[in-house]
Structures are given as structure tokens and as C-alpha cells.
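Before any comments, here is the structure.
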Amino acid sequence: MRETSPAAIKSEPEEDNGFYPSPQHNKTSKREHDDEDSEYKPKKVKTEQDKKAKKRKYEYEEDEEDIKPKKKTKDKKGTDGKKGKKEEEEKWKWWEEERSTDGSKWRFLEHKGPVFAPPYDPLPDKIKFYYDGKQMKLSAPAEEVATFFSKMLDHEYTTKDIFRKNFFKDWRKEMTSEEKSKITDLNKCNFSDMNEYFKAQSEARKQMSKEEKQKIKEENERILQEYGFCIMDNHKERIGNFRIEPPGLFRGRGDHPKMGMLKRRIRPEDIIINCSKDSKHPKPPQGTKWKEVRHDNKVTWLASWTENIQGSIKYIMLNPSSRIKGEKDWQKYETARRLKKCVDRIRTQYREDWKSKEMRIRQRAVALYFIDKLALRAGNEKEEGETADTVGCCSLRVEHIKLYPKIDDQEYVVEFDFLGKDSIRYYNKIPVEKRVFKNLQLFMENKQPEDDLFDRLNTSILNKHLQELMDGLTAKVFRTYNASITLQQQLKQLTCSDENIPAKILSYNRANRAVAILCNHQRAPPKTFEKSMQNLQTKIDEKQNQLSAARKQLKAAKADHKASHDDKSKKTVEVKRKAVQRIEEQLMKLQVQATDREENKQIALGTSKLNYLDPRISVAWCKKWGIPVEKIYNKTQREKFAWAIDMAEKDYEF
DNA sequence: TATTAGACTTGATACAATCGAA
DNA sequence: TTCGATTGTATCAAGTCTAATA
């Protein structure tokens, strides 16, 4: 788990350096391309790309190849590269087909059900548990839960009061009455023998021979082949999470009141299976039954169960490369593109609404301004005491913002400081328009710090309003829209045509980073960060020394040539000059790398790349500059974005 | 209309696999 | 070939939003 660092991530006002989508910056969007046709219609696709696609419409016929898993591509150094490539080419292009119009998600669904966690394997007798200094043999159920705790001994979790309290309470439920009467104080429990045993086990796993490792790998592959795929409407599709979550201790993030509780083992009796009636139903393990087998094609999941910590439902669903996920993803970006067309209107409107006579409308308008300008999340209400205390826009409280009429040469500054999703801190100090500022003062009047800032607003009211402004518009569309438009703008701004590929990729990363900062996607600085920076610096220093040495040599060679004027010395000068040039380039590359890494210290690029950036923007950029798409997307990402890679041309505009 | 269950996306992180320098 | 660093993948928690229910 990560601690929310006190270090301000977004403390500098100059972070508002132009790429924040403020209303002013986007005044131009109206006159940009008019692509009425490229709009995504939920029922029928009609993008330009698609029209093209339609022309070469691919008539799909069921064929063995198609329901074969993409197995060969999994093999690392292609035992059969050619075949892998061939299969790649033959991959089903679902985006060239019509979508269903009746709200059903599939017509046929067949799968083998989930893979269960292995049963508990009791500890060898020589591994002891001690209570109050005395050795004690635990019953199997109590021992299993004890192992969960013992495995986490090195983790900060086990030092936290709530974690320990919750764990102990749930552990006691698993004990026999005899154990229960004996074990009454967690502080008297000694799990260290168990802890060392598990450490040794994991060490041994690392030390396994190649053959043993290979064997495990093959077994995993076999399970993947058997359970990792389903057949949905004639196509073999990869399942995302076909393994049931094993039992363990709940690791809530932030100050979670339920951390340490026992996540119980899921049995077949807990599982609801979803598949089509006319499919081969998955068989429950010997001697067990499913909770239910249903045939609901209005949903996408293959299996579900209710988890015991929050009582929420968990699902087994398909991989992001699947048709069902891809269509939805595509649709998401098309909705964001529709927002692009009317965002000016919406902005004008909410600015008008800041002046409304009605408090609820003013609150709605200010909240929407934050969602738009700062890419805040909607902020649903949460049940108190059930989860960590985190907020989003609509659930902001008075204590989360501070108002400064004037600070550091800026007027009307709002300082945000709150914990958002996953208890990640959002800190930002930003000047706003006078009207927003005055409204905020008004909203805060006569309120306690723990009162809601927007007391007349919630996500449902906000989204209802947004729905009226544009079909399909919700708060999160703004995040998608602003992320994607920022990427597009930044790429335009940062890419220099005369730069080489690494420099262009740095530009791409910087554009990506601008989005990650906007969306506040943080990461804990890698444990090895300082060290790896140091290593890099050492390399840079060395390179610099090399460079000055090379320059000296060049100078000497020049002097030599000046004196002798012969061919040999001329050649030497050339050689030395080239050497200097090469070293300069290497140095620059290292420096670029250092910059990139430093800038990325606490920024995570992955989330925005995967969830917020219209992949067609990136693909178009690659095509425009002749950059292999592999430099931007790894294999998994290419599978997820296959639709975009196939359809986006270099002139694609978000 | 308000509440809650349900379905699905988004998110950080732990761990495994791979890479590249020594 | 080994080992530490880097990258990729799996995991599962925590959001958003919709639809069902009271």
C-alpha cells in the first residue's frame, strides 16, 4: 500500500502552462473539421474509417483458424514466426461488422467455468506457531488464516491497529473453541517461523532449475488453454480473469476500516455461471454444484460471485482484446468526440449558470467547471465507515479547499487538497475566474469544515443535467475528452519534424505525461529510483569526461594538421571530429533519458494510455512520423487497440 | 423519488519475465 | 552466465453509472 506523500505533486502554479483545457484554449475547436459522419452511433457504425472498411467488408465464415487461440504468438522467440504472423493477419476484425441493435451482448456463449484457488496445503509439522512463548498446533482452518497473516509480516499493514484488530476478530471465527479460549491476544502470537518458511519457499521457487520452471510454465499454459478462452458468437475469445480470487486478508487502500478482514474462500456453490442455453455448460468440480446457471445475454460476464468484505459482486469477464470490450472502448471515444463538437456551447452555458438565481444551478455549474478544467472525477456518495474517506468533485467538502483572494501575484486562487480514488492525494493550487471564486465563498458561508461544499448537488443530478446537454454525456466523458484532446494538442506542439525517432518518442512521452498530470495519475517513486538516477548520472559524467577528452584530441589533431597540412593529419581530424559528434549524441541521449526519468518519477503513464487516450490519435501520430507502433504500444496494448491500429490513418483527428 | 444492487471501467501495485551490463 | 534494473502482466480494489426496487 502506498502512503499519501506529503510532497505536493501539483504545487507549482506554472503547471497551468497551457495544456489544461481551459475555455480560452478551446475556442478554436468549432471551426475544426466537420466530421458529422464519423460520429459513433450506438446502433450502427458509421465512421469514415468504417465506410472504408465496409467496402472491403470481410465476410466472416466460421473456420477452425478463428477459434484457435492466439497460441503461437505467446511463444516467445517464435518457434514458428511465419505461422504467428499468418494468424496475426487472419485475426478477426470485429470492427468491420455490424453491431447488434437489440441490447443483447451475445447470441452464443460457451466456456469451461472458472479455475478455483488450490485447496489449503497444511504446513509441515516442523513449522511451529507459538503463543505466549509456547508452541501450539493449530487446527487446519485456524492455521490457514494464520498463514495469511504470517506472509504479510514484513508489510506495513500488519503494524496498523485496524488491520490487526480486524484480522484477529476474523481469525478467531475460524478457531476451534479450545483455540479461541487460549488465543486471546494477537501480540502474544509468534508467526515468525511460518514467515521464514514462506520466505524460504519463495526463495526455493526462484532457485528452481530451468526444467522445473519450464514444467510449471507448461502447466500454466495448459490451464490457460483449457479455461482461458470462451466461445462467443463463433469466435474464440480470451477471458480476462478466469481464476477465482484466492482467500486472504483484505488489503483496502488508504485508511480503510475493513483492512485485515478475512476474504473467504470461494467455492463452486458461490458461483453463478452465465452461458447460453444451447452451449456445453461448464462442469462444477467433482462433488460440487454451482449456485446457479443462467442464460442472460444482456450482460457480458461469464461467472460471478458475491465477495464477503463489502458484499459486492465480482465478475469474470473477457480480455480487453475481445470484441465486447473493444466495441465499448471505441464507443467511449466516439462519445468524447461528440463532446468535442458541443463543448463550447456547454462551457458558455455553465459560465452563464454561475450567475443563476438558483443556488443548485450555480453549484452544478461550478462543479462542472472543475470537472472540465481540472478533470476531476464525478464523486459519488459513499457509505460512511464502509470504505476509506475519499472524495471526488460532487462530494468535496469545505475542508478540502482553501480560498486565497490574492497570493503569489495571482488573484482568486483555489487550493485543493483531498484524497481521491485509491486515497491518492490531489493537491493543486489554481487561479479561477472571479465569479467562480465568489460563488465558492458563497457556498462555504456558515458551513463547518466537514460539510459538503456542493450541498445541493450529487452525481445523479449532475449527470441528469449532462444527459440533457448531450446524449450519452456523463461526468467521466470530460476526463476522456480532455485527456485525448490534450494528447492531440501536445503531440502537435511538441513533435519536431527534423528530430530523430528517440527524440520524437520523448515528445510522445511528454505529451502522455501532460495527460497523466492532468488526470493526477501518480505512482510511488520506484524503490530503486534514487539509485538508478545516480547510475545514470555517473554514466553522464563519464560521457562528459569522454567528450572533453575527445575534444582535446580533436583540437590537437587540428593543430597538427595546421602545421603539417598533409592528408594523413586531415583524415585524423575527420576521425576525431566524428568521434566528438558521436559522443555528443550519446551524451544527449543519456541526458534525455535522465530528464524523461526524472520527470516521470511520480507519474504513472499507463492508466491514461490504457483508459483515456483515444488510441487512434497515437496510431495516426505514428503513421504520420513513420514511427513503428511497437515503440508506443507493447503487445498487449496492440491487441487491445487492434481496432484503432487497423482503422486510423495518419490524418485522423480526434 | 431515493436507495440500492448490479455491471462495468479505472486504478495502483505486487510479482514475473525479460533485458542488458558486468 | 549472473544479477540488478526495467518492463510487462495479473490482481483485485475502488471508482462511475444505470437499472431495478421500494
Side-chain angles (χ1 to χ4, degrees), chain A residues 1-2 4 74 76-77 103 105 152 155 202 205-206 210 213 216-217 220 224 228 240-246 248 250-254 256 258-259 263 272 274 296 298-301 304 306-307 309-320 324-325 328-329 331-332 377-383 386-388 390-395 419-424 458-464 466-467 472-477 479-480 483 516 519-524 526-529 531-533 535-536 539 593 597 602 604-612 633-637 639:
Chain A
M1 199 207 64
R2 38 172 310 153
T4 52
K74 257 239 132 174
K76 299 298 155 318
K77 302 255 152 62
K105 305 290 168 70
M152 291 178 75
H155 206 290
S202 91
R205 228 171 300 132
K206 274 183 214 154
K210 266 216 176 102
K213 282 185 180 165
I216 292 176
K217 213 171 159 185
N220 280 335
L224 174 70
N241 55 327
F242 56 90
R243 286 171 201 276
I244 298 285
E245 296 175 18
F250 177 73
R251 296 152 92 116
R253 303 203 257 254
H256 198 116
K258 297 191 170 185
M259 64 168 77
K263 243 175 71 166
I272 302 174
N274 194 29
D296 182 358
K298 297 279 185 281
V299 296
T300 67
W301 52 268
S304 74
T306 302
E307 150 274 351
I309 304 289
Q310 324 266 1
S312 64
I313 308 168
K314 299 232 171 175
Y315 302 93
I316 287 181
M317 290 181 186
L318 296 195
N319 185 275
I324 217 158
K325 294 289 184 191
K328 202 75 189 295
D329 208 37
Q331 182 180 2
K332 172 180 77 186
R377 296 188 187 84
N380 284 314
E381 286 128 296
K382 304 170 72 182
E383 222 178 317
E386 293 292 299
T387 57
T390 63
V391 298
C393 186
C394 292
S395 50
L419 297 184
K421 182 177 178 180
D422 293 321
S423 293
I424 296 293
N458 61 39
T459 52
S460 153
I461 296 172
L462 178 66
N463 279 337
K464 214 163 276 166
L466 293 176
Q467 186 59 236
L473 186 61
T474 62
K476 84 186 184 84
V477 179
R479 244 168 112 79
T480 312
C519 294
N520 199 38
H521 290 141
Q522 300 186 28
R523 62 167 182 172
K527 287 187 188 74
T528 54
F529 185 84
K531 205 172 149 220
S532 89
M533 266 332 259
N535 289 347
L536 200 52
K539 273 191 197 167
Q593 202 185 344
R597 196 175 299 176
Q602 288 178 284
L605 301 184
T607 301
S608 50
K609 202 176 197 176
L610 235 47
N611 299 301
Y612 289 104
Y633 292 135
N634 66 30
K635 183 166 153 275
T636 317
Q637 294 166 335
E639 277 167 12

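The chains referred to below are lettered A, B, ... by the order of the sequence lines, with proteins before strands, and numbering in each begins at 1.
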For A:Val477 and A:Gln637, find the nucleotide of DNA chain C closest to each by heavy atoms; which residue's nucleotide sits nearer the 5' end?
A:Gln637

Out of curiosity, A:Leu473 CG to A:Asn463 CG, how far, rounded to the nearest 0.5 Å?
8.0 Å

In whole angstroms, how far is the C1' atom of C:dC17 from the CZ atom of A:Arg479?
15 Å

A:Pro246, nearest nucleotide to its side chain (from B:dG11, C:dC12, B:dA12)
C:dC12

Could you list the residues that satisfy side-chain hydrogen bond (donor to acceptor under 3.5 Å, both in side chains) with A:Ser608, not counting sequence neighbours?
A:Asn512

So, using side-chain hydrogen bond (donor to acceptor under 3.5 Å, both in side chains) as the criterion, who are the partners of A:Lys258 when residues are at least two apart?
A:Glu386

Check: protein-nucleotides 13-16 of chain C nitrogen or oxygen pairs below 3.5 Å:
residue : atom : partner  : partner atom : Å
C:dA13  : OP1  : A:Lys263 : NZ           : 3.1
C:dA13  : OP2  : A:Lys314 : NZ           : 2.4
C:dA13  : N3   : A:Arg253 : NH2          : 3.2
C:dA14  : OP1  : A:Arg253 : N            : 2.7
C:dA14  : OP1  : A:His256 : ND1          : 3.3
C:dA14  : O4'  : A:Asp422 : OD1          : 3.4
C:dG15  : OP1  : A:Thr390 : OG1          : 3.0
C:dG15  : OP1  : A:Asp422 : N            : 3.0
C:dG15  : OP2  : A:Lys382 : NZ           : 2.8
C:dT16  : OP1  : A:Ala378 : N            : 3.3
C:dT16  : OP1  : A:Gly379 : N            : 2.6
C:dT16  : OP2  : A:Asn380 : N            : 3.0
C:dT16  : OP2  : A:Asn380 : ND2          : 3.0

Are A:Tyr612 and B:dG11 close enough that a side-chain N or O sits under 4.0 Å from OP1 or OP2?
yes

What residues, two or more places apart in sequence or in another chain, satisfy side chain to side chain contact (heavy atoms under 4.5 Å, CB included) together with A:Arg597?
A:Phe529, A:Ser532, A:Met533, A:Leu536, A:Gln593

Distance, rounded to the nearest Å, where A:Lys464 contributes NZ and C:dT18 contributes P:
10 Å

Write down the distance between CD1 (A:Ile324) and P (B:dC8), rounded to a whole number of angstrom.
8 Å

Could you check whether the rings of A:Tyr315 and A:Trp301 sit parallel, tilted or perpendicular, using 30° and 60° as the cut-offs?
tilted

Could you tell me which residues satisfy side chain to side chain contact (heavy atoms under 4.5 Å, CB included) with A:Ala483, sequence neighbours excluded, listed by chain and number?
A:Val515, A:Cys519, A:Tyr612, A:Leu613

Protein-nucleotides 5-8 of chain C N/O pairs closer than 3.5 Å?
residue : atom : partner  : partner atom : Å
C:dA5   : OP1  : A:Lys531 : NZ           : 2.6
C:dT6   : OP1  : A:Arg597 : NH1          : 2.9
C:dT6   : OP1  : A:Arg597 : NH2          : 3.1

Under the salt bridge (charged side-chain N to carboxylate O under 4.0 Å, His left out) test, which residues partner A:Lys314, sequence neighbours left out?
A:Glu245

Give me, pair by pair, the N or O atoms of the protein and of nucleotides 19-22 of chain C that are less than 3.5 Å apart, along with how far apart they are.
none

Nearest-angstrom distance from the residue atom NZ of A:Lys206 to C1' of B:dT18
16 Å

Once you round it to whole Å, what is the distance between P of B:dT10 and NZ of A:Lys325?
10 Å

Under the side-chain hydrogen bond (donor to acceptor under 3.5 Å, both in side chains) test, which residues partner A:Thr390, sequence neighbours left out?
A:Lys382

Check whether any side-chain N or O of A:Lys213 sits under 4.0 Å from OP1 or OP2 of B:dA16, and answer yes or no.
no

Candidates B:dT18, B:dC8, B:dA7 - which lies nearest the side chain of A:Ile313
B:dA7

Check side chain to side chain contact (heavy atoms under 4.5 Å, CB included) between A:Ser460 and all other residues, then give those that pass, not counting sequence neighbours.
A:Asn458, A:Lys464

Would you please confirm or rule out a distance under 4.0 Å between OP1 or OP2 of B:dA12 and any side-chain N or O of A:Thr607?
yes

DNA chain B: 5'-proximal contact among A:Thr306 and A:Ala604 (nearest heavy atom):
A:Thr306

Excluding sequence neighbours, so at least two apart, what forms side chain to side chain contact (heavy atoms under 4.5 Å, CB included) with A:Thr306?
A:Ile313

Whole angstrom is fine here: how far is it from NZ in A:Lys298 over to P in C:dT18?
19 Å

Most 5' of A:Ser304 and A:Glu383 on DNA chain B, judged by nearest nucleotide:
A:Glu383

Min side-chain heavy-atom separation A:Ile424-A:Asn520 under 4.5 Å:
yes

When you check the phosphate oxygens OP1 and OP2 of B:dT10, does a side-chain N or O of A:Lys332 lie under 4.0 Å from one of them?
yes

Mind checking side-chain hydrogen bond (donor to acceptor under 3.5 Å, both in side chains) for A:Asn274 and listing every partner two or more places apart, or none if nothing turns up?
none

Rounding to a whole Å, what distance do you find between A:Asn274:CG and B:dG6:C1'?
13 Å

Given atom NZ of A:Lys609 and atom P of C:dT9, what is their separation to the nearest angstrom?
12 Å

